[in-house]
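All remarks here apply to the structure that follows.
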Amino acid sequence: VQLVESGGGSVQAGESLRLSCNASTSSFTGSGYCMGWFHQPEDIRAGVAAIGSDSTTTYADSVKGRFTISQDNAKNTLYLQMDRLKPEDSGIYYCAANPFWTYGAVCSYTRPADFGYWGQGTQVTVS
């Protein structure tokens, strides 16, 4: 699985950005998948949001009501719409995939070890 993020940039507080993650799906041969976004402001990477192939979503409390994770299966693309950005949202954002997720299992941003594939990251700076 190859994941390529895009959409990062520098914005003012209160503005919006939409991150995209294009996934090669040749390894998505299981019955489902779980995709996530993770944020690394400095040394520690933390989960932001996740979405399963059943469209169930989970969000970190810090982004609830401001960020929206979504997917376009026709385009093999994962999105993270980020609204009302704050300076503390600055950092590198990584897209991650678990192509072996099965229905009924947990798909959550709180379980980074479940994600075996990661993109290279995209930088977001909010001032």
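Of the possible donor and acceptor atoms, none in the side chain of Gln81 sits under 3.5 Å from a partner among the backbone N and O of Phe67. The main-chain N or O of Val4 is never found under 3.5 Å from a side-chain atom of Gln120 such that the two would form a donor-acceptor pair. At least one donor-acceptor pair closer than 3.5 Å links the side chain of Gln40 to the backbone N or O of Glu42. Arg45 places no side-chain N or O within donor-acceptor distance of the main-chain N or O of Pro41, the cut-off being under 3.5 Å. In this structure, the side chain of Trp37 engages the main chain of Tyr79 through a donor-acceptor pair within 3.5 Å. One N or O on the side chain of Ser24 and one on the backbone of Gln2 form a donor-acceptor pair closer than 3.5 Å. Using a distance-only test at 3.5 Å, with no hydrogens or angles considered, no donor-acceptor pair links the side chain of Ser90 to the main chain of Glu88. Formation of a donor-acceptor pair under 3.5 Å by the Arg84 side chain with backbone atoms of Ala13 is not found in this model. Side-chain atoms of Thr122 come within 3.5 Å of backbone atoms of Gly8 as a donor-acceptor pair (strictly under, hydrogens ignored). Formation of a donor-acceptor pair under 3.5 Å by the His39 side chain with backbone atoms of Asp89 is found in this model.
Heavy-atom minimum distance, Tyr59 versus Ala49: CD2-CB, 3.6 Å. Closest heavy-atom contact between Gly52 and Cys107: N-SG, 3.6 Å. Nearest heavy atoms, Pro112 versus Phe38: CB-CE2, 3.7 Å. For Gly119 against Tyr94, the heavy-atom pair with the smallest separation is O-CD2, 3.5 Å. The two atoms that bring Ala60 and Gly47 nearest to each other are CB-O, 3.7 Å, heavy atoms only. Counting all heavy atoms, side chain and backbone alike, Ser53 lies closest to Tyr103 at OG-OH, 3.4 Å.
Donor-acceptor pairing under 3.5 Å is lacking for the side chains of Tyr109 and Asp114. Side-chain contact annotation: Ser16 with Asp83, donor-acceptor N/O pair under 3.5 Å present.
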**Request:** Would you sort out whether Asp54 and Tyr33 count as a side chain to side chain donor-acceptor pair (under 3.5 Å), showing the intermediate values?
**Result:** CA-CA 9 Å; Asp54 62 354; Tyr33 59 84; over 6 Å; no
**Request:** Could you go through the side-chain contact (heavy atoms from CB on, under 4.5 Å) check for Trp118 and Cys95 one step at a time?
**Result:** CA-CA 6 Å; Trp118 295 79; Cys95 167; over 6 Å; no
**Item:** Intermediate values then yes/no, side-chain contact (heavy atoms from CB on, under 4.5 Å), Gln71 and Thr77
**Value:** CA-CA 6 Å; Gln71 56 195 354; Thr77 301; over 6 Å; no
**Request:** Could you go through the side-chain contact (heavy atoms from CB on, under 4.5 Å) check for Leu80 and Thr68 one step at a time?
**Result:** CA-CA 6 Å; Leu80 184 68; Thr68 304; over 6 Å; no
**Request:** Assess whether side-chain contact (heavy atoms from CB on, under 4.5 Å) is satisfied between Val124 and Leu17, documenting all intermediate values.
**Result:** CA-CA 9 Å; Val124 171; Leu17 279 173; 3.9 Å; yes
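Hydrophobic clustering (ILVMFWY, side-chain heavy atoms < 4.5 Å, transitive): Ile92 and Phe115 are in one cluster. Following chains of ILVMFWY side-chain contacts shorter than 4.5 Å, one can reach Tyr93 starting from Val63, so the two form part of one hydrophobic cluster.
The shortest side-chain heavy-atom distance between Val126 and Gln12 does not fall under the 4.5 Å cut-off.
The CD1 atom of Ile51 sits 9.0 Å away from the SG atom of Cys34 when rounded to the nearest 0.5 Å. The structure places OG of Ser108 at 12.0 Å from CG of Asn98, a figure rounded to the nearest 0.5 Å. From Met82, atom CE reaches atom CZ of Arg66 across 9.5 Å, with rounding to the nearest 0.5 Å.
Tyr117 and Phe100 have tilted rings, their planes meeting at an angle from 30° to 60° on a 0 to 90° scale.
Remark: of the listed residues Ser70, Ser20, Cys21, Cys21 is the sole one forming a side chain to side chain contact (heavy atoms under 4.5 Å, CB included) with Leu78.
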